[in-house]
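As structure tokens, the structure follows; a few thoughts come after it.
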Amino acid sequence: MLEKNYNPKDFEENIYAKWENNGDFIPDMREDKEAFAIVIPPPNVTGVLHMGHALDNTLQDILIRYNRMLGKKVLWQPGTDHAGIATQMVVERNLAQEGLTRHDLGREKFIDRVWEWKKYSGGTICKQLRRLGASCDWSRERFTMDEGLSHAVRKIFVSLYKDGLIYKAKKLVNWDPKLETAVSDLEVVQKETVGKMYYYKYPLEDNPNEFIHIATTRPETMFGDTAVAVSKENPRLAHLIGKNCILPIVNRVIPIVGDEHADPEKGTGAVKITPAHDFNDFEVGKRHNLPMINILNPDATLNENTPFAGMTTQEARVKTIEKLTELGLMEKIEDHPMVIPYGDRSGVVIEPYMTDQWFVDAPKLAVEARRAVKDGEMQFIPAVYEKTYFEWMNNIQPWCISRQLWWGHQMPIWYGPDKHIFCEETEEQAQIEADKYYGHRVELVRETDVLDTWFSSGLWAFSTLGWPDNDKYLQTFYPTSVLVTAFDIIFFWVARMMMMSMYMMKKVPFKKCYIHGLVRDEQGRKMSKSKGNTVDPMETIEKYGADALRFFMASSETQGRDINLSDSRIQGYRNFATKLWNAARFCEMNKCYEAENFNISDAKLEINKWIIAKANEATQAVSESLNSYRFSESANAVYQFVWGTFCDWYIELTKPIFYGDNAADIEETRAVAAWVLDRILVILHPFMPFITTELWNNLTKRSHKLINMTWPTDIKVDAQDTQEIDWAIDFISAVRSLRAAMNLPAGAKLHAYVKGNVQDLQTIARQNKLICTLARLEELAPLADKEVSKDMVQTVCREATILIPLKGVVDFAAERERLNKELETLNKNLEGYARKLNNESFVAKAPAKVVEEEKRRQSEALENKAKVEEALARIANF
RNA sequence: GGGCGCUUAGCUCAGCUGGAAGAGCAUCUCGUUUACACCGAGAGGGUCGGGAGUUCGAACCUCUCAGCGCCCACCA
């Protein structure tokens, strides 16, 4: 017996535990079936589930469950990411509460602390994914710092290094002064601010009374200036090229060079060149062979190359301006809108900084990654994201992969005493190579830098499947079928996976990449902790159940658009689950699952054939839309079928049968109702796995688990019979509408008569009881023209006319108004049809089918118009 | 500066290859009946941002104007 009320909390977690304990998520590797695999975008190991995860993983789970039901061998590969910077920051923050820094602990002890923290908080997000219903194969859970995955990292690193695709270089990189590490371009966010533009001047060397005028937003960097640039095309300043000027305060002589970087229109037309602290200046410096003077310490305080060693840039800026003012060189200060780079994790201003770093030759790796998409080996859905991908790939820069952090994969690089580099998978191997190289034993020192987190996640599609071992899973599931992720990590992750996979596997990591949008708050604002508008998916699940949240995500997911969270909609889908629950109770109460064995294709009753046909249609709609990744359409198709067709009509139509006394009809209807409900449970299962399973298990004893049920195929049904019920439904709706329009008392039992064609009259004869019950009619009978009396109001159902005598009950003025309104609509429509059909080119050029349809509508409207006019004439005198 | 989107009912949004404008929520009216009030029946509400064009036919294609948003680049 089902509980009276739908209460998801009672069963969701138990059901999940059973699935997992029974190994229902583990692919059956024995069977030779088509493979379908998804690798999960690994969440940060210490993270917690947010709405974005809920969306992303709901979509994946729908695809996984759907394909499992299609009979494929299905793997959803789960795991977590060590998230270098993010995790290290959290642990450092924890340490700070104890008054410690990582340096107090030392590298080894600190890393121990991180592992401890991982152990403590690492399970959270995976538990939450379970709560959502994600049917991942947890027995294969991986972590990017696992030994296996670390091995993959070392192996591919060595390979890239030996192929010359990883190199060390002293370059200007984005430096995070808080974390004291390099970061990649992608980890820098540009923020608009109103800063200041400082105008001052440098005296010329050959005539200290002449000056060159400079404008800058960062005066304190002048100590790193090694030139001033002006454009050769600049008529006012070009004559200065080749001269020298004197850098004030430190009185260093620097040249004035001609360079196109100096835009005559901007600032003063002359630019101070600080090659070690500005990306543009760095390029200028290279072109003119300028010295690079580093003026910053790793924490972004000024160093001993400046007069203000130890000061922050802000302090030094004030001092510099003071000094320049004293020297009479300061000219003016203006407000200036500009963008300043911040570290997306640390939130501090990023400094371009000269250091030794390691780079991946991304431009080279991009070639194959680009080609694979161009050739359709990997397809973006929706396809527009291809453009974003190509845009980035075409302008890709070398990828800085070294991080001066402690938490991460330490690079497999060892240095000899003369700094010779040995890149091997293990220390032993490096030692062997070193022995060979030096001819005697030397002490090797390992590179302390670790790798960018995205380096290991870039391997995720194959490292999790067992690579570098030629594992059975790798053979079976690689390339994976589809990657589901948000657009904001196309560059971070999708592009890197493409590059790494094409390089190492010579195959794409996934054949398709489904990109979805962000989940925003109800007002469409981005959710963020600082704004305080985040909604915890766990609270939503607690309140409405995981199925309701999942269904919301599915039905809201339309390609290329963000989703605004909506509590009322989620509540609506909880109501939907309740509705289904109650429909199941109806079936239970009517002993539908106790019916004798019955072959569904033997159904005789029209309503039963009708619902079977509708179930076919719904199933097809769901399959087709899921096959083309149209999630909202598929969800809406089930929703519409369950509520609008099964509950609103079929259940109502079965009542006259269940409450009647025809045993054979009852038996057939029981069997069909149970069959339809089963069908619903199957096609709804990918979207709402919990309630469907709970009902599946409780309605009757089952030989198969719902999760493994085969996706249904069509059952042949006579189209004639289904059309008959469609007509009857229109008829019932027409009577109901008339009742409401005429304000008839609900209890009034009416008599109704019909004028129509043979088929219509047959239908009212055959479905008489059914129509009378649902339309609440006392009597329903055919009527000859001469029997039409003056007190009848009328309405139409397709080509049939429905007449209802209302002796004195009706307000004829209201009825006249109603009929006139209808006449107006008909006339408007007729005008439209005439316009089209009188148009010769329409008749000539439009497809015959369209023209025919237009003619049919016209004649139907004409008939209806005549009927309405007739009715108006009839009541004219009341 | 370069690129990409969006603008449809009061609100949030569907509308796949051009062929009579849809859903959910909200609103209004009514509610006999044990599957369900987390419900049922019925109704109102849109010149599909403005303009021009292509077409027999445009929410959909082209151009243009206006508004909104996102991504990338940019510290003179």
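- The two residues Ala734(A) and Ile802(A) have their closest heavy-atom pair at CB-CD1, 3.9 Å.
- Rounded to the nearest Å, the gap between the C1' atom of G45(B) and that of G10(B) is 9 Å.
- Distance from the side chain of Val349(A) is smallest to C75(B) among C75(B), G3(B), A35(B).
- Using atom C1' as the reference point in both C65(B) and C28(B), the two lie 40 Å apart (nearest Å).
- In this structure, Arg574(A) atom CZ and A37(B) atom C1' are separated by 12 Å, rounded to whole Å.
- Of the N and O atoms on the side chains of Glu283(A) and His261(A), not one donor lies less than 3.5 Å from an acceptor on the other residue.
- A23(B) is paired with U12(B) under the Watson-Crick or G-U wobble criterion, all donor-acceptor distances under 3.5 Å.
- Across every strand in view, U55(B) sits unpaired, with no contact that passes the Watson-Crick or G-U test at under 3.5 angstrom.
- Between the side chain of Lys387(A) and the base of C4(B) there is no donor-acceptor pair of N/O atoms closer than 3.5 Å.
- Residues Arg670(A) and Asn590(A) bring no donor and acceptor atom of their side chains to less than 3.5 Å of each other.
- Each of G40(B), C56(B), C75(B) was ranked by its minimum atom distance to the side chain of Ser841(A); first place goes to C56(B).
- The nucleotide C28(B) finds its pairing partner in G42(B), both defining distances of the Watson-Crick or G-U wobble pair being shorter than 3.5 Å.
- Set against C56(B), G24(B), C36(B), the side chain of Lys845(A) has C56(B) as its closest nucleotide.
- With G19(B), A14(B), C75(B) as the candidates, the nucleotide lying closest to the side chain of Glu351(A) is C75(B).
- Just one of Glu852(A), Glu860(A), Glu854(A) meets the side-chain hydrogen bond (donor to acceptor under 3.5 Å, both in side chains) condition when paired with Arg856(A); it is Glu860(A).
- With hydrogens and angles ignored, no donor-acceptor pair closer than 3.5 Å exists between the side chain of Ser568(A) and the base of C25(B).
- Within the 4.0 angstrom heavy-atom criterion, base atoms lie near His261(A).
- Across all strands shown, G18(B) has no partner, as no Watson-Crick or G-U wobble contact with both distances under 3.5 Å is found.
- Comparing G15(B), C75(B), G19(B) by their closest approach to the side chain of Arg218(A) singles out C75(B).
- In this structure, the CD atom of Glu283(A) is 11 Å from the P atom of C74(B), given to the nearest Å.
- Between Tyr573(A) and Tyr544(A), the ring centre distance reaches or exceeds 6.0 Å.
- In this structure, Phe279(A) reaches neither bases nor backbone, as no heavy-atom distance under 4.0 Å exists between it and the strands shown.
- Listed candidates were C56(B), C70(B), A35(B). Nearest to the side chain of Arg520(A) is C70(B).
- In this entry the distance linking NZ of Lys855(A) with P of C56(B) reads 19 Å, nearest Å.
- Phosphate contact (OP1/OP2 of A20(B), side-chain N/O of Lys828(A), threshold under 4.0 Å): absent.
- A donor and an acceptor atom, one from each side chain of Arg569(A) and Ser555(A), are located under 3.5 Å apart.
- Comparing Gln190(A) and Gln640(A) against RNA chain B, the residue whose closest nucleotide sits nearer the 5' end is Gln640(A).
- Side-chain atoms of Arg630(A) and base atoms of C16(B) include a donor and an acceptor less than 3.5 Å apart.
- Here, G15(B) and A58(B) have their C1' atoms 14 Å apart, quoted to the whole Å.
- For the pair Thr578(A) and C36(B), the criterion of a side-chain N or O lying under 4.0 Å from OP1 or OP2 is not met.
- Distances shown here put a side-chain N or O of Asn564(A) below 4.0 Å from the OP1 or OP2 atom of C13(B).
- Annotation: C60(B) and C16(B) have their P atoms spaced 11 Å apart (nearest Å).
- The pairing partner recorded for G5(B) is C68(B), the criterion being a Watson-Crick or G-U wobble arrangement whose two distances lie under 3.5 angstrom.
- With 3.5 Å as the limit, one finds a donor-acceptor pair spanning the side chains of Glu694(A) and Asn698(A).
- The distance between atom CG of Leu738(A) and atom P of A43(B), rounded to the nearest whole Å, is 11 Å.
- Nucleic acid contact for Cys587(A): none, since no nucleic acid atom lies under 4.0 Å from a heavy atom of the residue.
- At a cut-off of 3.5 angstrom, the base of A41(B) holds no donor-acceptor pair with the side chain of Glu652(A).
- In this entry the distance linking CG of Asp225(A) with C1' of C75(B) reads 14 Å, nearest Å.
- Between Tyr514(A) and Phe631(A), the ring center distance clears the sub-6.0 Å criterion.
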#### Entry: Trp581(A)/Phe586(A) under side chain to side chain contact (heavy atoms under 4.5 Å, CB included): CA gap, chis, key distance, verdict
CA-CA 9 Å; Trp581(A) 187 267; Phe586(A) 174 84; over 6 Å; no
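- At a threshold of 4.0 angstrom between heavy atoms, the contacts of Ile340(A) with the nucleic acid are absent.
- Residue contacts for Lys655(A): at a heavy-atom cut-off of 4.0 Å it reaches a base atom on one of the strands shown.
- Listed nucleotides A14(B), A35(B), C75(B) differ in distance to Thr217(A); the shortest reach to its side chain belongs to C75(B).
- Side-chain N/O atoms of Arg561(A) include one lying less than 4.0 angstrom from OP1 or OP2 on A14(B).
- One interatomic measurement links the two molecules: CH2 of Trp649(A) to C1' of G42(B), which rounds to 12 Å at whole-angstrom precision.
- Across all strands, Ala262(A) comes closer than 4.0 Å to base atoms (heavy-atom distances).
- Contact between the side-chain N/O atoms of Trp643(A) and the OP1/OP2 oxygens of G40(B) is found at a separation under 4.0 Å.
- Residue Asn280(A) places at least one side-chain N or O under 4.0 Å from the OP1 or OP2 atom of C75(B).
- Taking only distance into account, the side chain of Tyr639(A) never meets the base of A23(B) through a donor-acceptor pair shorter than 3.5 Å.
- Between the C1' atoms of A21(B) and C13(B), the separation comes to 15 Å (whole Å).
- Contact annotation: Lys579(A) side-chain N/O to G40(B) OP1/OP2 distance is under 4.0 Å.
- Look at CG on Asn575(A): it is 10 Å from C1' on A37(B), rounded to the nearest Å.
- For G67(B) and U29(B), the C1' atoms lie 39 Å apart once the distance is rounded to whole Å.
- Among the protein residues, Ile350(A) comes within range of the nucleic acid bases, having at least one heavy atom under 4.0 Å from a base atom.
- For Ser737(A), whose side chain is taken as the heavy atoms from C-beta onward, the closest listed nucleotide among G19(B), A43(B), A35(B) is A43(B).
- Across the protein-nucleic acid pair, Trp392(A) atom CH2 and C70(B) atom P stand 21 Å apart, rounded to whole Å.
- Comparing the same atom, P, in C72(B) and in A14(B) gives a spacing of 23 Å after rounding to whole Å.
- Here the side chain of Arg857(A) is nearest to one of A20(B), G5(B), A14(B), namely A20(B).
- The aromatic ring centroids of Phe551(A) and Phe576(A) lie less than 6.0 Å from each other.
- Along RNA chain B, the nucleotide nearest to Gly572(A) and the one nearest to Tyr659(A) differ in position, and the one closer to the 5' end is contacted by Gly572(A).
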